[in-house]
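Proteins come first, then strands; the chains are lettered A, B, ... in the order of their sequence lines, and each starts at number 1.
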2 protein chains.
Amino acid sequence: MSETSEQPERISDAEHAVMEALWRRSPLTAQEVCDEVCGPRGWSLATVKTLLSRLVVKQALATEPDGKRFLYSPRIARSDYVGTESRRLVDRLFGGRAAPLFAHLARAEALTQDDIAEIEALLKELKS
Amino acid sequence: MSETSEQPERISDAEHAVMEALWRRSPLTAQEVCDEVCGPRGWSLATVKTLLSRLVVKQALATEPDGKRFLYSPRIARSDYVGTESRRLVDRLFGGRAAPLFAHLARAEALTQDDIAEIEALLKELKS
DNA sequence: CGTAGTCGATTACGTATGTAGACGATGGAG
DNA sequence: CTCCATCGTCTACATACGTAATCGACTACG
């Protein structure tokens, strides 16, 4: 019984931006991650390094030495992250049921015809 | 031009629990809010008072004096809150498109037949 | 072999958040 | 009129987060 019941630590907003870069492409060095995110967010390399360290502590990233520096890669799948975050929202705001969320989005988001078609196809698949 | 371009301040997790109580029923006194949420969350009255104050500062709650104490009521509609939070999630995780979120939920959440029927009805309505 | 650039690690610091105790005003009971 | 229960406010404090500078180690260039 390894008594390390690691329920995954929460990933903050800024940290999430770093994760996205690494989900797009990995492994990357700190510098490369910065190339991806520093521009858009107006961050310095130092900031990215801090975020990377924190993500490693949170076990969200794995490191692999590459000569003098590290290569970082995600340790959790994007789909898992998306799953828990979506679930959190649905639980907090829609009593745990996905349908009301969808209803809300449908009304508020002005789905395109393509969106609607996509969803209908999905429903058909689910019903079979 | 009133230069108070108040983009609504973010409501934290704990604060959100308080908002939910007041969305269910309002106005309420601090004590009454505590009756609603202190049990489930294991909070003390003091904690609720702090959260209420912070929410007032954030303009999420309005106060109305009632003798010696205050009555609190929401100043923002739940649907607005739900809207911005949902939008945040969709933007962060699904590139701003609702359909992928739905696809994810559909696969991961095991929608009931009722859910599916509900959504189909909605789609029909949207297409007309 | 020394020096400049680069790397991760350490330290910093302000604000937000979770949680709550202490305090001063005040209104109602007696 | 006095005293106590309550109220909101102020203060407190640990942790998380956003953002970054600094520092010691190392490497590649000259």
Minimum side-chain heavy-atom gap A/L101-B/L105 below 4.5 Å: yes
Interatomic distance, A/Q31 CD vs C/dT6 P [rounded to whole Å]: 8 Å
Distance, rounded to the nearest Å, where A/L45 contributes CG and C/dG5 contributes C1': 13 Å
Interatomic distance, B/M19 CE vs C/dG18 P [rounded to whole Å]: 14 Å
Length of the line joining A/L55:CG and C/dG8:P, which is rounded to integer Å: 14 Å
Spacing of B/D35 atom CG relative to D/dT6 atom C1', expressed in whole Å: 14 Å
A/D35: partners by salt bridge (charged side-chain N to carboxylate O under 4.0 Å, His left out), with sequence neighbours left out: none
Close side-chain approach of B/F70 and B/V56, heavy atoms under 4.5 Å: no
Please output the side-chain donor-acceptor pairs of residues 17-26 of chain A that fall under 3.5 Å, not counting sequence neighbours, one pair per line with the distance.
from	atom 1	to	atom 2	distance (Å)
A/E20	OE1	A/R78	NE	3.1
A/E20	OE2	A/H16	NE2	2.8
A/E20	OE2	A/R78	NE	3.3
A/E20	OE2	A/R78	NH2	3.0
A/W23	NE1	A/I76	O	3.0

salt_bridge(A/E85, A/R10) N-O dist < 4.0 Å: yes
Ionic contact status for A/D91 with A/R88, cut-off 4.0 Å: no
Qualifying residues under salt bridge (charged side-chain N to carboxylate O under 4.0 Å, His left out), relative to A/K58, sequence neighbours excluded: A/E15
Salt bridge (charged side-chain N to carboxylate O under 4.0 Å, His left out): pairs with one or both residues in residues 96-105 of chain B, sequence neighbours excluded: A/D115-B/R97, A/E118-B/R97
Atom pairs, protein N/O to nucleotides 12-22 of chain D N/O, distance under 3.5 Å:
from	atom 1	to	atom 2	distance (Å)
D/dC17	OP2	A/K58	NZ	2.9
D/dG18	OP1	A/A14	N	3.3
D/dG18	OP2	A/S12	OG	2.4
D/dG18	N7	A/R54	NH1	2.9
D/dG18	O6	A/R54	NH2	3.3
D/dT19	OP2	A/W43	NE1	2.7
D/dT19	O4	A/R54	NH2	3.1
D/dA20	OP2	A/S44	N	3.3
D/dA20	OP2	A/T47	OG1	2.9
D/dA20	N7	A/T50	OG1	3.1
D/dA20	N6	A/T50	OG1	2.6

Selection: residues 61-73 of chain A, any non-hydrogen atom under 4.0 Å of DNA chain D: A/K68
